[in-house]
Protein chains: 2
Amino acid sequence: MTSPAAQPRTCSVARTLELVGEKWALLAIREVFLGNRRFDEMTRCTGAPRDTLAARLRTLVAAGILERRQYSEHPARFEYHLTEAGRELYPVILTLMRWGDTHLAGDGGPPLLLEHHCGHRLVAEVTCEACGEPVAAGSTRRQR
Amino acid sequence: MTSPAAQPRTCSVARTLELVGEKWALLAIREVFLGNRRFDEMTRCTGAPRDTLAARLRTLVAAGILERRQYSEHPARFEYHLTEAGRELYPVILTLMRWGDTHLAGDGGPPLLLEHHCGHRLVAEVTCEACGEPVAAGSTRRQR
DNA sequence: AGACTGCATCCAGAATCCAGACTTACTAGG
DNA sequence: CCTAGTAAGTCTGGATTCTGGATGCAGTCT
């Protein structure tokens, strides 16, 4: 009889990381966002071992984040597309990228720049959907 | 002489994930955001093995994301605080949480609700710092 | 004192990751 | 026809990492 359970917090962060937190998963998703939908190209651009990448793609497809589409019949060939749920991971990629741009960019500045359709270089900011103000670490508290 | 190098893309996403992409790292950071700064509490709330958590905390401190502060002299006791760089990971946590809330919340809805200081429940949105508009998957392109 | 808490490390086995070779089926070049 | 090359994986065996006790240590609670 040790103390009562004290089971780990169930939390959306934890649940999300169970799906996309494994090594290479988010990099594979990044590649699809960049338009590289094919296996070989992904291995080249991410540096992931082919085996690991294959496993990751399988779990991402199973999780409904990617969709595997055949683009060639006879030598059966497939490419990976984002589902709606997958597309909604873009904010995650963008905030990771923003942090790296700020804290890890070397001399040459950020290695990859994105342009928002408003014409400016994209700097991703997280705001409160209700009031539109930026959200900083100290500006939230637990509800209820 | 195979084809030219074709080395993996250097990218802020990849670099950031090298620091915070290991298992449990982001959950440890989440705990610090929630105010749980002590080792044992973190193991309880995350479910991470003690050894693994200890290793993760070390790398996060080395990366300048957490700071280890002594709060007791004689039984030397430490707690972990976010550095400025660490605090700036809040957007990453929030976007992960938002995705999980949207796609993985069970019957009971999101397990943890945050309130923005504007008074509304926080729903995190990623916007373009320049124009303030939300950023969707299709609304960006590579610059240059 | 004895039980308990908080932090950390050691260990052995399990799971995962890794690099490179291999497979299969087709296309292109000579 | 023969040889290369490409694409999407799979196989293999070895390296690395993760995991869950057990252990230690120092102080607090009863």
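Labels below follow one simple rule: chain letters A, B, ... track the order of the sequence lines, proteins then strands, and each chain is numbered from 1.
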Tell me, please, whether B/Tyr71 has B/Arg77 positioned over its six-membered ring: NZ or CZ under 6.0 Å from the ring centre and within 45 degrees of its axis?
no
Between CZ of A/Arg68 and C1' of D/dA7 the distance, given in whole Å, is 12 Å
Is there a donor and acceptor pair closer than 3.5 Å between the side chain of A/Arg77 and the base of D/dA8?
no
Does the side chain of A/Tyr80 get closer than 4.0 angstrom to OP1 or OP2 of D/dG9 through an N or O atom?
yes
Less than 4.0 angstrom between a side-chain N/O of A/Arg56 and OP1 or OP2 of C/dC17, yes or no?
yes
For the NE2 atom on B/His81, are there more than 12 heavy atoms of other groups (residues, nucleotides or ligands in this structure) within a distance under 6.0 Å?
yes
Without decimals, in angstroms, what is the distance between A/Phe39 CZ and C/dT24 P?
17 Å
Under 3.5 Å, is there an N or O donor on one side and an acceptor on the other linking the side chain of B/Asp51 and the base of D/dC18?
no
State whether B/Arg44 places a side-chain N or O below 4.0 Å from either non-bridging phosphate oxygen (OP1 or OP2) of C/dT5.
no
Mind checking whether A/Phe33 and A/Tyr90 have ring centres under 6.0 Å apart?
yes
Looking at A/Tyr71, I'd like to know whether one of its side-chain N or O atoms comes within less than 4.0 Å of OP1 or OP2 on D/dA8.
yes
Tell me, please, whether A/Tyr80 has A/Arg37 positioned over its six-membered ring: NZ or CZ under 6.0 Å from the ring centre and within 45 degrees of its axis?
no
Would you kindly check if the NZ (Lys) or CZ (Arg) of B/Arg44 is within the cone defined by 45 degrees around the ring axis of B/Phe39 and under 6.0 Å from the six-membered ring centre?
no
Using heavy atoms to find the nearest nucleotide of DNA chain C for A/Trp24 and B/Arg50 separately, return the residue whose nucleotide is more 5′.
B/Arg50
Closest to the B/Lys23 side chain, choosing from D/dC18, C/dG6, C/dA8
D/dC18
May I ask you to evaluate whether A/Thr52 reaches the phosphate of C/dC17, defined as a side-chain N or O under 4.0 Å from OP1 or OP2?
no
DNA chain C: B/Arg37 or A/Pro75, which has the more 5' nearest nucleotide?
B/Arg37
Picking from D/dA8, D/dG20, C/dC7, the nucleotide nearest the side-chain atoms of B/Pro49 would be D/dG20
Side chain A/Arg38 and base D/dA8 donor-acceptor under 3.5 Å
no
